Amino acid sequence: MNTNNDEITINHSEIETKWQAQWKENKVFEPKINDKPKYFGNVAYPYANSVMHIGHGRTYSIADIYLRYQRVLGKNVLQPLGFHISGTPVLAVSDGIKRKDKKTLTQVRNAISDYVTSEKESNDLIETFKDPANIAKFFSGTIEGSLDSIGIGIDWSRQFTTGEPMYNKFIEWQFSKLKEAGLLVQGKYPILYSAQDENAVGEDDIKDGDIDKVSVSNMVGIKFAVCGEENTFVLCATLRPDALFCAQNLWIKSSMEIAKLKVGTEFWYVAKDAINKVKYQFDDVSHVSDLDGTYFLDKFVIAPMVDKKIPCYNAEFCDSKHGTGLVYSSPADSPHDYLNLFEIKFPGKSLSEFTDSEPLNLTPITETFDKKKQKISYQFDIPAYDILMKNKIYNTENNSENLERVKQELYKEAHFGSKMINSGEFDGLVLKKNIAGDKVRDVLFDKNLAVNFYETSRRATTRGDDNVIVANLQGQWFLKYSDRAVKDKALELLEQSNYFPANLKASQAGYIEWANMRPCARKRGLGTQIPYDRDWIVEPLSDSTIYQMLYLVSGLINEYKIDTEKLSFEVFDYLYFGTGVASKLDIDQEFLTKAREQVVYWNNVDFRYVGMSHMSNHLNFLIYHYSLIFPKSMWPKTFVAGNLMMRDGQKISKSKGNGTPLFRMKKQYGSDLYRLYIGVNSNCDVEMDFKEEEIVNLSKKFDRWTDLISQSLECEKKDFNSYSDIDKWLISKFYKSVELYFEHFENFKIREAYVEVLYEVLNNINYHSRRAGEKATINVLRFIAEDYLILMTPIVPHICEELYCKIKSNKNDSVTIEDSSEHFDKSKSFISLKAYETCGKDFISQEILDKEEIVFDLIKKVSANIERTENVKIVIITQAKSDKFELFDLIKSTLETDGKNPKVIFGKIAKKLPQYVKFAKKFVPKCLGAGISFYLSKEDEKKLLMENLEFFKSEFGCDVVISEDDSEKASPREFEITLE
RNA sequence: GUCCGGAUUGCCAAGUCUGGUCAAAGGCGCAGGACUUAAGAUCCUGUCAUUCGUGUUCGAGGGUUCGAAUCCCUUUCCGGACACCA
């Protein structure tokens, strides 16, 4: 910290601790129902599986600054917070600890290291984490402490976790409402699955699942009818159904174990390793018999749609674990297929012997139509052949690497600018974006010649070494967002809301359009069971949409120790909609009345802050659910999407170890400074970079501000009229900035608002200090100090409380903090609750501001000139000629009477003051925008110069003379400067 | 793949929505000065070019306009978010 001379060193950390304790003790952030307008804002609850780092702190700080600003506006503000523990993450940690998984243990040990003093304590704590509830309990405690430590004004009396019975009841109610709205439906859904565990698998269950993500990929299983076997098919899974048109044969590894399955009324052949995939993806599957690949080698199959009889050939490269293990060839597109087929048809020969014509005599199925975009040129429009020849790959032997390379090249580049030919109704479809493939697939589906076949995006195994497969789960619960009426309602909600940043509102509407069927329940994890189907647990994103409304009654549920079993659907209906008869509900009537009062008073969410990455899912669902469950009058009002925080240009993440715990900020920099840095550094919609040097630099400005205000409070506040003109200038400037402050805040521009009242005002203070001396500055600051503190409270609340204390003690206020009677108005004691009530306009004198600007500009110009000249003894200031003033008058009056019409203005000038036509050519366009700037009459201008002569002399450090002559070059307020 | 966004003067980064007060905030870096025995820290000044008239700048090219960093079109290069995961 700065320890300059007589400056008082402030121990911010100490002050902050003191005020945080005061706030807590006096329940400053636990608002009661009163006659002020209410404002209900909140941020998404944090996930209680780790400690908070400085990145999380940004989100909560921004929301807190804005909500404290609402208090400045005189609102009764509620900001509650709960904790999210649904889903698998907490479970995964406790499982990891039970398993003694090293990675998990290290992470947990690191996370708790700040809260334990010995290794034994650490181990004991971790031991308790085998119960997931203890994980949630511990981390929610640390989170509460962290947020308190940076002065976030949260009403903790309403907190809950998503694992509590109260919450479960609320979610059950919510889902009953969604069911009523027709949103909750059941169907099939593909998920990653382990047949051995008989359960869905998440990222945590898959080996290296966090590093190399596994997703579900959608293949097409094409049915090749086996000749001579009725209703029996070889199922080949492919990503390129369009290649069917050049299918020449099936590849079947003779040694592969194959199973015959009965699926519905059909019989399918697949590799034995693929039995589970079929079993878990299709209905009515039974195992008929086993055989091996040799069975097919003398058989023929019919390629569907093209109706072509093709043979089955042995191929060692077949992989029983990929797809169905059985594939068809597409020699035109696949170099592998081409060479293998070639070697079967021409045993012992090399492809190099066939340069004049393509030996397999294939019919091309694609054609190049855009030679420019296509990076590979084809001789015969048989891409596989052409690329093999180009790369001089003539046989399969020792060429597996090369083949792989050209395959990649082909897939990557060949499809640009190709379209289908010789394929009947599909002719002309482009291969790009799989347009042709999708069309072929759809037609195959229509004719029941193919099925959807899901496969994992990469080969994956569980920690228990079972193959991860894709199961098409029966009975999956969905939220059906696809109905037009449902979408329209959500869009209506969005439409009537405020959205910041405003340009993303359109994207949000896009997400609403895009939402379709959303699986909303899972087989595993913590959370609420679906009331109609207890096997399913509501998935974490679906259980966190309208929960803000629970805050309105959660405090009372705890206070009245309500038996959660009594929280029936009817009770929630009564609480939220006022429907039903209260006296008939089997629940504490006093609670019921009070809780209903809460809902009626707080009514709806006024402000919701979410991370930008949650726009497409969380916020989307939130909008849907509110629009369906609540009446319009209870819809949320303002949404803000905020961005992440980086650390020195890098993402904050556990693995990088750059996520400094939030609670350290108080000791390291002071919470006020942290908040100030967050608020002033960037607007919430841009990614913010946390830089040590920047925050240190900011502390200098902050210290200066603190020091100035602190000193000013030692002075006596005087009557406005007893201040001098230059003092009034500073006061005017301040209240001008205040106007902008409110304007910026209305548009959720926190950064701009504080740049205005901190940087701008500080600059003006410095200028005033030069003009009138530091003493006078401190004196005049006393006049605005109280307002200034109120406006700064949202961003640096602790120091403002501390300084405000000085004012209170000066006032000899009869109200003391100890007064705790029911009607005690806390806002008199805490600046955190104080509204801004001054009418700044009364103290703004435009004339003083305008005049000072002329002086200011002059100083700037002269200083710049002096800088460039040596040995200046006298500065001569010369005014413009009288007719130049006339010109200005003419332009000004024309602008007023005829508007911004350059032609009219030029016409008048040419007529009355032709000597200035040339000058006007450059000057007039400048006036068209902002108008002509303020200027004085020649006499007043001279007066102004004379009045400030002494100030000029001291500023320039030399003699200053106001010339009696006129200058051609000068203009009103633009003096000619001569140095001697 | 789908959907968004960005490119600003040595670097980071405001400004763009709402065209004019924009040679363009702020920070870093750099240079000079004050203080100091000195260094550091701190404070002040400067930081596109300039013959101090002005000129040339906001990825590139074109357009609209009296006027474009800002609006429109084209183009190059970067980045972010994506559903069962919180």
Side-chain angles (χ1 to χ4, degrees), chain A residues 2-5 44-50 84-90 92 189-192 200 202-204 209-210 213 215-216 432-434 473 476-479 481 501-504 506-508 510-511 513-525 538-542 544 611-618 620-621 641 643-644 648-649 651 680-683 685-689 691 693-698 700-701 704 747 751-752 755 759-760 763 766 770 853 863-865 867-869 900-903 905-906 921-922 924-933 969 977:
Chain A
N2 191 350
T3 49
N4 250 7
N5 317 345
Y45 42 29
Y47 205 90
N49 70 338
S50 71
H84 202 192
I85 64 163
S86 310
T88 49
V90 167
Y189 192 71
I191 52 161
L192 299 176
E203 202 177 286
D204 304 317
D210 49 342
K213 287 197 178 187
S215 58
V216 174
K432 219 170 102 180
K433 294 188 179 184
N434 213 18
L473 226 52
Q476 167 76 50
W477 288 93
F478 289 89
L479 291 171
Y481 296 120
N503 58 333
L504 289 184
S507 312
Q508 190 68 58
Y511 292 134
E513 282 295 343
W514 167 67
N516 191 6
M517 295 284 273
R518 158 89 191 183
C520 64
R522 311 175 67 186
K523 286 281 190 183
R524 52 197 286 276
V538 176
E539 170 275 329
L541 272 174
S542 304
S544 49
M612 219 165 249
S613 56
H614 292 161
M615 281 173 63
S616 66
N617 42 52
H618 163 75
N620 217 20
F621 309 144
N643 218 323
L644 292 173
D648 298 316
K651 264 196 175 166
V680 166
N681 186 279
S682 54
N683 263 325
D685 57 326
V686 298
E687 222 168 54
M688 172 185 171
D689 202 356
K691 288 184 189 161
E693 61 189 26
E694 282 182 359
I695 193 167
V696 168
N697 211 289
L698 182 64
K700 292 169 202 162
K701 275 211 162 71
R704 164 124 173 102
N747 294 307
R751 185 184 104 86
E752 276 88 341
V755 163
Y759 288 141
E760 271 308 302
N763 282 344
N766 286 341
R770 264 163 64 198
E853 207 177 304
S863 302
N865 279 338
E867 192 71 25
R868 280 194 296 269
T869 322
K900 293 173 183 176
N901 190 338
K903 279 177 191 165
I905 299 172
F906 282 118
K921 260 191 183 161
K922 287 216 158 171
V924 171
K926 285 185 183 171
C927 306
L928 290 173
I932 195 159
S933 19
K969 283 183 185 171
I977 311 295

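Fair warning: this is a prediction, and the values are worked out from it, not measured in the lab. Reminder, nothing fancy here: chain letters follow the sequence lines and each chain counts from 1.
- Figure legend. B/A7 is base-paired to B/U76; pairs are counted as Watson-Crick or G-U wobble with both atom distances under 3.5 Å.
- No contact: A/Leu698 has no heavy atom under 4.0 Å from any strand.
- Nucleic acid contact class of A/Ser86 (heavy atoms, under 4.0 Å, all strands): sugar-phosphate only.
- A straight line from CD of A/Glu513 to C1' of B/U2 spans 15 Å, rounded to a whole angstrom.
- The distance between atom CG of A/Asn766 and atom P of B/U45, rounded to the nearest whole Å, is 9 Å.
- Atom pair A/Glu853:CD and B/U21:C1' shows a separation of 9 Å (rounding to whole Å applied).
- Across all non-hydrogen atoms, the minimal contact from A/Ala515 to A/Asn620 is CB-ND2, 3.8 Å.
- Here, B/U56 and B/C22 have their C1' atoms 15 Å apart, quoted to the whole Å.
- Atoms CD and CZ, on A/Glu539 and A/Arg522 in that order, are 7.0 Å from each other to the nearest 0.5 Å.
- Under the Watson-Crick and G-U wobble criteria, each requiring two contacts below 3.5 Å, nucleotide B/A14 is left unpaired.
- Every residue meeting the side-chain hydrogen bond (donor to acceptor under 3.5 Å, both in side chains) condition with A/Asn766, not counting sequence neighbours, appears here in chain and number order: A/Arg704.
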Please list each protein N or O that sits under 3.5 Å from an N or O in nucleotides 78-83 of chain B, with the distance.
| from | atom 1 | to | atom 2 | distance (Å) |
| --- | --- | --- | --- | --- |
| B/A81 | OP1 | A/Lys651 | NZ | 2.9 |
| B/A83 | O2' | A/Arg518 | NH1 | 3.4 |
| B/A83 | N6 | A/Trp514 | NE1 | 2.9 |

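- Note on A/Gln476: nothing from the nucleic acid sits closer than 4.0 angstrom, heavy atoms only.
- Straight-line distance from the CZ atom of A/Phe478 to the C1' atom of B/C84: 10 Å, rounded to whole Å.
- The side-chain hydrogen bond (donor to acceptor under 3.5 Å, both in side chains) check on A/Glu752 picks up A/Asn683, with sequence neighbours excluded.
- Partners of A/Phe478 under the ring-ring contact (aromatic ring centres under 6.0 Å, His included) rule, at least two apart in sequence or in another chain, are A/Tyr189.
- In this structure A/Arg751 satisfies the side-chain hydrogen bond (donor to acceptor under 3.5 Å, both in side chains) test with no other residue, sequence neighbours excluded.
- Base-pair partner of B/U37: not found among the strands shown (Watson-Crick or G-U wobble, both distances under 3.5 Å).
- Checking B/A83 for Watson-Crick or G-U wobble geometry (two distances, each under 3.5 Å) identifies no partner in any strand.
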- line: Readout for nucleotides 27-36 of chain B: B = base within 4.0 Å of protein heavy atom, S = sugar-phosphate only, - = neither; 5' to 3' it is SS--------
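- At whole-Å resolution of the value, CG in A/Asn620 and C1' in B/C4 are 14 Å apart.
- Straight-line distance from the CG atom of A/Asn763 to the C1' atom of B/C44: 14 Å, rounded to whole Å.
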